[in-house]
Amino acid sequence: MQSLKIEVLVGVFLLLSLLCLGFLAVKVSGFSLGKSNDRYLLYSHFEQVGGLTVRSKVAISGVEIGQVLAIEYDQETMNAKVTLEIDSSISSIPSDSTASILTEGLLGSKYISISLGAEDQTLSGGDEIFDTQSAVILEELIGKFLIEQF
Amino acid sequence: MLIHALRRIGRFGFEMLSSMGRALRLLSSALIRRPDHRNIPLIIGQIYQLGVLSILIIVCSGFAIGAVLALQGYTQLVRVGSESALGLGVALVLVMEIGPVVSALLFAGRAGSAVTAEIGLMKATEQLASMEMIGVDPISRIIAPRFWGGFIVLPLLALMFSVVGIWAGSLVAVDWLGVYSGSFWSVMEQGVDFFDHVMKGIIKSIVFGFVVIWISLYQGYDSLPTSEGLSKATTNTVVFSSVWILVLDFFLTLMMFEL
(Lines give C-alpha, C1' and ligand atoms only; values in the text may rest on other atoms or scores of the structure.)
Protein backbone atom coordinates (compact mmCIF):
# COMPACT_ATOMS: atom_id res chain seq x y z
CA MET A 1 0.00 0.00 0.00
CA GLN A 2 2.82 2.33 0.98
CA SER A 3 4.64 1.63 -2.26
CA LEU A 4 1.49 2.33 -4.31
CA LYS A 5 1.16 5.75 -2.71
CA ILE A 6 4.82 6.54 -3.36
CA GLU A 7 4.61 5.43 -6.97
CA VAL A 8 1.49 7.52 -7.57
CA LEU A 9 3.11 10.58 -6.01
CA VAL A 10 6.26 10.11 -8.08
CA GLY A 11 4.11 9.79 -11.18
CA VAL A 12 2.32 13.03 -10.32
CA PHE A 13 5.69 14.70 -9.70
CA LEU A 14 7.08 13.62 -13.07
CA LEU A 15 3.93 14.73 -14.89
CA LEU A 16 3.96 18.07 -13.09
CA SER A 17 7.54 18.76 -14.11
CA LEU A 18 6.78 17.79 -17.71
CA LEU A 19 3.91 20.29 -17.59
CA CYS A 20 6.36 22.90 -16.31
CA LEU A 21 8.69 22.19 -19.24
CA GLY A 22 5.75 22.53 -21.58
CA PHE A 23 4.77 25.83 -19.98
CA LEU A 24 8.32 27.18 -20.34
CA ALA A 25 8.46 26.03 -23.95
CA VAL A 26 5.09 27.22 -25.20
CA LYS A 27 4.00 30.08 -22.99
CA VAL A 28 7.37 31.60 -22.02
CA SER A 29 9.57 31.03 -25.06
CA GLY A 30 6.92 30.70 -27.78
CA PHE A 31 8.43 27.44 -28.98
CA SER A 32 6.38 25.39 -31.42
CA LEU A 33 7.28 22.26 -33.29
CA GLY A 34 7.13 21.93 -37.05
CA LYS A 35 6.13 25.52 -37.57
CA SER A 36 9.18 26.39 -39.63
CA ASN A 37 8.45 23.60 -42.10
CA ASP A 38 5.25 25.05 -43.51
CA ARG A 39 6.50 28.60 -43.89
CA TYR A 40 7.89 30.55 -46.81
CA LEU A 41 10.38 33.41 -46.97
CA LEU A 42 9.95 36.96 -48.26
CA TYR A 43 12.56 39.69 -48.46
CA SER A 44 12.36 43.42 -48.20
CA HIS A 45 14.80 46.32 -47.96
CA PHE A 46 14.45 49.13 -45.46
CA GLU A 47 16.31 52.42 -45.18
CA GLN A 48 16.09 52.23 -41.41
CA VAL A 49 15.07 49.25 -39.27
CA GLY A 50 15.18 51.14 -35.97
CA GLY A 51 14.65 48.77 -33.07
CA LEU A 52 13.38 45.82 -35.14
CA THR A 53 14.87 42.55 -33.91
CA VAL A 54 15.02 38.96 -35.07
CA ARG A 55 11.78 37.14 -34.06
CA SER A 56 9.79 40.35 -34.12
CA LYS A 57 6.30 39.65 -35.38
CA VAL A 58 4.98 40.21 -38.90
CA ALA A 59 1.32 41.13 -39.05
CA ILE A 60 -1.47 41.89 -41.48
CA SER A 61 -4.23 44.07 -39.97
CA GLY A 62 -2.56 43.46 -36.61
CA VAL A 63 -2.93 39.67 -36.86
CA GLU A 64 0.37 37.81 -36.54
CA ILE A 65 1.21 35.85 -39.71
CA GLY A 66 4.93 35.25 -39.26
CA GLN A 67 8.16 36.57 -37.83
CA VAL A 68 11.43 38.26 -38.76
CA LEU A 69 14.04 35.59 -39.50
CA ALA A 70 17.11 37.72 -40.16
CA ILE A 71 18.22 41.32 -40.44
CA GLU A 72 21.44 42.11 -42.26
CA TYR A 73 23.16 44.97 -44.05
CA ASP A 74 23.04 44.56 -47.83
CA GLN A 75 26.24 45.90 -49.43
CA GLU A 76 24.71 46.18 -52.92
CA THR A 77 21.64 48.20 -52.13
CA MET A 78 23.34 49.91 -49.16
CA ASN A 79 20.45 49.43 -46.77
CA ALA A 80 19.01 46.84 -44.43
CA LYS A 81 17.76 43.55 -45.83
CA VAL A 82 15.08 41.88 -43.71
CA THR A 83 14.06 38.24 -44.19
CA LEU A 84 10.45 37.51 -43.25
CA GLU A 85 9.11 34.08 -42.45
CA ILE A 86 5.43 33.90 -43.39
CA ASP A 87 2.97 31.17 -42.46
CA SER A 88 2.16 29.20 -45.61
CA SER A 89 -1.57 29.35 -44.90
CA ILE A 90 -1.33 33.06 -45.80
CA SER A 91 -0.76 32.58 -49.53
CA SER A 92 -2.44 35.54 -51.18
CA ILE A 93 -0.38 38.63 -50.43
CA PRO A 94 -0.59 40.92 -53.52
CA SER A 95 2.79 41.72 -55.06
CA ASP A 96 2.34 45.49 -54.62
CA SER A 97 1.82 45.26 -50.85
CA THR A 98 3.65 47.61 -48.49
CA ALA A 99 5.78 46.49 -45.55
CA SER A 100 6.16 49.10 -42.81
CA ILE A 101 7.91 49.00 -39.46
CA LEU A 102 5.55 50.12 -36.71
CA THR A 103 5.70 50.28 -32.95
CA GLU A 104 3.38 48.38 -30.64
CA GLY A 105 2.03 51.06 -28.35
CA LEU A 106 4.03 54.15 -27.51
CA LEU A 107 7.22 52.50 -26.27
CA GLY A 108 6.55 48.89 -27.18
CA SER A 109 8.55 46.61 -29.44
CA LYS A 110 8.83 47.10 -33.20
CA TYR A 111 7.00 44.86 -35.66
CA ILE A 112 6.42 44.69 -39.40
CA SER A 113 2.93 45.41 -40.69
CA ILE A 114 2.05 44.44 -44.25
CA SER A 115 -0.68 46.54 -45.86
CA LEU A 116 -2.18 44.72 -48.81
CA GLY A 117 -2.06 46.08 -52.35
CA ALA A 118 -4.50 45.60 -55.21
CA GLU A 119 -2.45 43.59 -57.72
CA ASP A 120 -3.82 40.20 -58.86
CA GLN A 121 -0.36 38.65 -58.81
CA THR A 122 0.56 37.28 -55.37
CA LEU A 123 3.92 36.89 -53.63
CA SER A 124 5.42 33.42 -53.24
CA GLY A 125 8.54 32.07 -51.53
CA GLY A 126 11.71 34.07 -52.21
CA ASP A 127 9.93 37.15 -53.59
CA GLU A 128 10.63 40.65 -52.44
CA ILE A 129 8.27 43.27 -51.06
CA PHE A 130 9.55 46.38 -52.86
CA ASP A 131 7.37 49.00 -51.28
CA THR A 132 8.63 49.63 -47.74
CA GLN A 133 8.27 52.21 -45.04
CA SER A 134 11.13 52.56 -42.56
CA ALA A 135 10.94 52.72 -38.82
CA VAL A 136 10.18 56.11 -37.35
CA ILE A 137 13.06 57.28 -35.20
CA LEU A 138 11.85 59.51 -32.40
CA GLU A 139 15.05 61.59 -32.35
CA GLU A 140 14.77 62.36 -36.08
CA LEU A 141 11.16 63.47 -35.65
CA ILE A 142 12.11 65.73 -32.78
CA GLY A 143 15.00 67.09 -34.85
CA LYS A 144 12.71 67.91 -37.79
CA PHE A 145 10.22 69.52 -35.45
CA LEU A 146 12.93 71.68 -33.89
CA ILE A 147 14.23 72.79 -37.31
CA GLU A 148 10.73 73.81 -38.38
CA GLN A 149 10.37 75.89 -35.24
CA PHE A 150 13.32 78.14 -36.00
CA MET B 1 59.85 25.47 11.91
CA LEU B 2 59.95 25.76 8.14
CA ILE B 3 60.03 21.99 7.86
CA HIS B 4 56.90 21.77 9.98
CA ALA B 5 55.05 24.27 7.82
CA LEU B 6 56.06 22.47 4.64
CA ARG B 7 55.05 19.15 6.14
CA ARG B 8 51.63 20.51 7.01
CA ILE B 9 51.13 21.77 3.46
CA GLY B 10 52.28 18.45 2.08
CA ARG B 11 49.91 16.51 4.31
CA PHE B 12 47.06 18.78 3.29
CA GLY B 13 47.86 18.09 -0.35
CA PHE B 14 47.95 14.35 0.24
CA GLU B 15 44.64 14.43 2.06
CA MET B 16 42.98 16.46 -0.64
CA LEU B 17 44.25 14.21 -3.41
CA SER B 18 43.29 11.02 -1.62
CA SER B 19 39.82 12.30 -0.81
CA MET B 20 39.35 13.32 -4.43
CA GLY B 21 40.44 9.82 -5.41
CA ARG B 22 37.97 8.22 -3.00
CA ALA B 23 35.18 10.45 -4.29
CA LEU B 24 35.96 9.51 -7.89
CA ARG B 25 36.14 5.83 -6.97
CA LEU B 26 32.75 6.00 -5.25
CA LEU B 27 31.25 7.75 -8.28
CA SER B 28 32.71 5.37 -10.83
CA SER B 29 31.71 2.28 -8.85
CA ALA B 30 28.18 3.63 -8.54
CA LEU B 31 27.92 4.49 -12.24
CA ILE B 32 29.88 1.81 -14.03
CA ARG B 33 27.87 -1.33 -13.48
CA ARG B 34 25.39 -3.49 -15.27
CA PRO B 35 21.91 -1.91 -15.12
CA ASP B 36 19.78 -3.88 -12.70
CA HIS B 37 16.01 -3.78 -13.16
CA ARG B 38 15.54 -4.59 -9.48
CA ASN B 39 16.96 -1.15 -8.70
CA ILE B 40 14.12 0.72 -10.41
CA PRO B 41 11.75 0.59 -7.37
CA LEU B 42 14.65 1.85 -5.25
CA ILE B 43 15.20 4.78 -7.63
CA ILE B 44 11.47 5.56 -7.53
CA GLY B 45 11.66 5.54 -3.75
CA GLN B 46 14.53 8.01 -3.90
CA ILE B 47 12.69 10.26 -6.36
CA TYR B 48 9.95 10.36 -3.75
CA GLN B 49 12.36 11.09 -0.89
CA LEU B 50 14.49 13.66 -2.70
CA GLY B 51 11.99 15.12 -5.15
CA VAL B 52 8.38 14.86 -4.06
CA LEU B 53 9.21 15.85 -0.50
CA SER B 54 11.18 18.89 -1.76
CA ILE B 55 8.29 20.27 -3.82
CA LEU B 56 6.87 22.34 -0.99
CA ILE B 57 10.09 24.25 -0.24
CA ILE B 58 10.77 24.72 -3.97
CA VAL B 59 7.29 26.07 -4.67
CA CYS B 60 7.28 28.41 -1.66
CA SER B 61 10.72 29.84 -2.45
CA GLY B 62 9.97 30.10 -6.17
CA PHE B 63 6.80 32.00 -5.42
CA ALA B 64 8.53 34.42 -3.07
CA ILE B 65 11.46 35.04 -5.41
CA GLY B 66 9.28 35.52 -8.49
CA ALA B 67 7.10 37.98 -6.59
CA VAL B 68 10.04 39.98 -5.27
CA LEU B 69 11.71 40.05 -8.71
CA ALA B 70 8.56 41.51 -10.23
CA LEU B 71 8.24 44.05 -7.44
CA GLN B 72 11.85 45.19 -7.62
CA GLY B 73 11.88 45.18 -11.41
CA TYR B 74 8.69 47.21 -11.53
CA THR B 75 9.96 49.99 -9.26
CA GLN B 76 13.03 50.41 -11.51
CA LEU B 77 11.36 49.95 -14.93
CA VAL B 78 8.39 52.19 -14.22
CA ARG B 79 10.78 55.15 -13.87
CA VAL B 80 11.76 54.82 -17.55
CA GLY B 81 8.23 53.86 -18.54
CA SER B 82 9.09 50.42 -19.87
CA GLU B 83 7.27 48.21 -17.40
CA SER B 84 6.09 46.13 -20.37
CA ALA B 85 9.58 44.55 -20.35
CA LEU B 86 8.98 43.32 -16.80
CA GLY B 87 7.77 39.89 -17.89
CA LEU B 88 10.86 39.41 -20.03
CA GLY B 89 13.18 40.41 -17.21
CA VAL B 90 11.54 38.16 -14.63
CA ALA B 91 11.44 35.18 -17.02
CA LEU B 92 15.05 35.49 -18.21
CA VAL B 93 16.47 35.92 -14.72
CA LEU B 94 14.47 32.98 -13.40
CA VAL B 95 15.04 30.59 -16.29
CA MET B 96 18.77 31.21 -16.75
CA GLU B 97 20.09 32.03 -13.30
CA ILE B 98 17.92 32.01 -10.23
CA GLY B 99 15.86 28.93 -11.08
CA PRO B 100 18.79 26.53 -11.44
CA VAL B 101 21.00 28.12 -8.76
CA VAL B 102 18.52 28.68 -5.93
CA SER B 103 16.78 25.35 -6.43
CA ALA B 104 20.20 23.64 -6.32
CA LEU B 105 21.07 25.48 -3.10
CA LEU B 106 17.73 24.50 -1.57
CA PHE B 107 18.18 20.95 -2.80
CA ALA B 108 21.61 20.76 -1.14
CA GLY B 109 20.15 21.98 2.14
CA ARG B 110 16.95 19.94 2.06
CA ALA B 111 17.90 16.68 0.31
CA GLY B 112 21.71 16.60 0.16
CA SER B 113 22.18 16.93 3.90
CA ALA B 114 19.54 14.25 4.47
CA VAL B 115 21.34 11.83 2.17
CA THR B 116 24.65 12.49 3.93
CA ALA B 117 23.17 12.00 7.38
CA GLU B 118 21.38 8.82 6.31
CA ILE B 119 24.42 7.18 4.77
CA GLY B 120 26.73 8.43 7.51
CA LEU B 121 24.47 6.90 10.15
CA MET B 122 24.28 3.65 8.17
CA LYS B 123 28.04 3.59 8.22
CA ALA B 124 28.35 4.52 11.89
CA THR B 125 25.91 1.79 12.92
CA GLU B 126 27.72 -0.67 10.62
CA GLN B 127 24.67 -1.31 8.46
CA LEU B 128 26.78 -0.96 5.32
CA ALA B 129 29.32 -3.46 6.65
CA SER B 130 26.63 -5.97 7.60
CA MET B 131 25.03 -5.64 4.16
CA GLU B 132 28.35 -6.62 2.69
CA MET B 133 28.50 -9.55 5.12
CA ILE B 134 25.25 -11.01 3.81
CA GLY B 135 26.41 -10.55 0.23
CA VAL B 136 24.50 -7.41 -0.74
CA ASP B 137 26.56 -4.75 -2.45
CA PRO B 138 25.90 -1.47 -0.57
CA ILE B 139 27.04 0.57 -3.57
CA SER B 140 24.36 -0.82 -5.86
CA ARG B 141 21.68 -1.03 -3.16
CA ILE B 142 22.26 2.27 -1.33
CA ILE B 143 24.53 4.61 -3.29
CA ALA B 144 23.47 4.12 -6.92
CA PRO B 145 19.69 4.62 -6.44
CA ARG B 146 20.31 7.80 -4.45
CA PHE B 147 22.65 9.07 -7.12
CA TRP B 148 20.19 8.49 -9.95
CA GLY B 149 17.28 9.79 -7.88
CA GLY B 150 19.02 13.08 -7.12
CA PHE B 151 20.37 13.40 -10.64
CA ILE B 152 16.90 13.03 -12.17
CA VAL B 153 15.09 15.14 -9.63
CA LEU B 154 16.99 18.43 -9.51
CA PRO B 155 16.42 19.58 -13.12
CA LEU B 156 12.71 18.87 -12.66
CA LEU B 157 12.63 20.87 -9.42
CA ALA B 158 14.44 23.75 -11.14
CA LEU B 159 11.80 23.76 -13.89
CA MET B 160 9.06 23.93 -11.29
CA PHE B 161 10.87 26.72 -9.50
CA SER B 162 11.07 28.82 -12.67
CA VAL B 163 7.45 28.24 -13.60
CA VAL B 164 6.13 29.06 -10.15
CA GLY B 165 8.37 32.14 -10.07
CA ILE B 166 7.08 33.41 -13.42
CA TRP B 167 3.53 32.78 -12.31
CA ALA B 168 4.12 34.70 -9.06
CA GLY B 169 5.74 37.48 -11.07
CA SER B 170 2.70 37.73 -13.29
CA LEU B 171 0.42 37.78 -10.24
CA VAL B 172 2.34 40.70 -8.76
CA ALA B 173 2.89 42.58 -12.02
CA VAL B 174 -0.39 42.04 -13.84
CA ASP B 175 -2.98 41.51 -11.14
CA TRP B 176 -1.57 43.80 -8.49
CA LEU B 177 0.57 46.51 -10.09
CA GLY B 178 -1.54 46.70 -13.23
CA VAL B 179 1.02 45.97 -15.95
CA TYR B 180 -0.89 45.16 -19.16
CA SER B 181 -1.03 41.37 -19.33
CA GLY B 182 -0.75 41.24 -23.13
CA SER B 183 2.60 43.00 -23.20
CA PHE B 184 3.81 41.15 -20.10
CA TRP B 185 3.42 37.78 -21.83
CA SER B 186 4.14 38.72 -25.44
CA VAL B 187 7.38 40.61 -24.74
CA MET B 188 8.44 37.60 -22.66
CA GLU B 189 7.54 35.20 -25.45
CA GLN B 190 9.46 37.26 -27.99
CA GLY B 191 12.59 37.71 -25.90
CA VAL B 192 12.98 34.22 -24.43
CA ASP B 193 14.30 31.57 -26.78
CA PHE B 194 13.79 27.90 -25.95
CA PHE B 195 17.23 26.71 -27.00
CA ASP B 196 19.17 29.85 -26.12
CA HIS B 197 17.77 30.37 -22.64
CA VAL B 198 15.54 27.58 -21.35
CA MET B 199 17.78 24.71 -22.48
CA LYS B 200 20.89 26.35 -21.09
CA GLY B 201 19.16 26.75 -17.73
CA ILE B 202 18.26 23.06 -17.82
CA ILE B 203 21.87 22.09 -18.63
CA LYS B 204 23.00 24.13 -15.64
CA SER B 205 20.63 22.35 -13.31
CA ILE B 206 21.70 18.94 -14.66
CA VAL B 207 25.32 19.79 -13.80
CA PHE B 208 24.31 21.09 -10.36
CA GLY B 209 22.28 17.95 -9.65
CA PHE B 210 25.26 15.76 -10.52
CA VAL B 211 27.63 17.75 -8.31
CA VAL B 212 25.31 18.13 -5.30
CA ILE B 213 24.28 14.49 -5.11
CA TRP B 214 27.88 13.35 -5.64
CA ILE B 215 29.15 15.54 -2.80
CA SER B 216 26.33 14.39 -0.51
CA LEU B 217 26.94 10.71 -1.17
CA TYR B 218 30.69 11.01 -0.81
CA GLN B 219 30.50 12.99 2.43
CA GLY B 220 28.17 10.41 3.95
CA TYR B 221 30.11 7.41 2.71
CA ASP B 222 33.45 8.87 3.79
CA SER B 223 32.34 10.28 7.17
CA LEU B 224 34.00 9.23 10.40
CA PRO B 225 31.66 6.86 12.26
CA THR B 226 31.30 9.17 15.25
CA SER B 227 28.76 11.84 16.15
CA GLU B 228 31.30 14.60 15.42
CA GLY B 229 32.20 12.98 12.12
CA LEU B 230 28.55 12.84 11.13
CA SER B 231 27.89 16.47 12.02
CA LYS B 232 31.00 17.53 10.14
CA ALA B 233 29.95 15.52 7.10
CA THR B 234 26.48 17.11 6.92
CA THR B 235 27.98 20.58 7.34
CA ASN B 236 30.53 19.85 4.63
CA THR B 237 27.80 18.71 2.27
CA VAL B 238 25.92 21.98 2.52
CA VAL B 239 29.04 24.18 2.48
CA PHE B 240 30.85 22.40 -0.38
CA SER B 241 27.69 22.04 -2.47
CA SER B 242 26.81 25.71 -2.11
CA VAL B 243 30.29 26.92 -3.00
CA TRP B 244 30.57 24.53 -5.95
CA ILE B 245 27.14 25.52 -7.25
CA LEU B 246 28.04 29.20 -7.27
CA VAL B 247 31.51 28.73 -8.74
CA LEU B 248 30.30 26.33 -11.42
CA ASP B 249 27.45 28.70 -12.22
CA PHE B 250 29.95 31.38 -13.13
CA PHE B 251 31.97 29.09 -15.38
CA LEU B 252 28.92 27.51 -17.01
CA THR B 253 27.56 30.96 -17.77
CA LEU B 254 30.94 31.96 -19.21
CA MET B 255 31.01 28.85 -21.41
CA MET B 256 27.42 28.79 -22.65
CA PHE B 257 26.56 32.43 -23.15
CA GLU B 258 29.32 33.65 -25.45
CA LEU B 259 30.17 37.24 -24.81
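First the proteins, then the strands, lettered A, B, ... as listed; each starts at 1.
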Taking the side chain as every heavy atom from C-beta outward, state whether B:Phe63 and B:Leu171 have any pair of such atoms under 4.5 Å apart.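 Answer yes - side chains close enough.
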Any side-chain heavy atom of A:Asp96 within less than 4.5 Å of one from A:Asp131? no
Per-residue contact mode, [X] against chain A (heavy atom under 4.5 angstrom):
{"X": "B:Ile55", "result": "side chain"}
{"X": "B:Val95", "result": "side chain"}
{"X": "B:Ile202", "result": "side chain"}
{"X": "B:Ile166", "result": "side chain"}

When the 4.5 angstrom heavy-atom criterion is applied to A:Leu16 and chain B, the contacting part is both
Between B:Asp196, B:Val163, B:Val198, which has the largest tally of heavy atom pairs under 4.5 Å with chain A?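 Of the options given, most contacts go to B:Val163.
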Nearest atoms (heavy-atom pairs only) where B:Ser181 meets B:Val174: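 The answer is CB-CG1, 3.4 Å.
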Has the side chain of A:Ser97 got a donor or acceptor atom that lies under 3.5 Å from a matching backbone atom of A:Gly117? yes
Please state whether the rings of B:Phe151 and B:Trp148 are parallel, tilted or perpendicular, taking 30° and 60° as the class boundaries. perpendicular
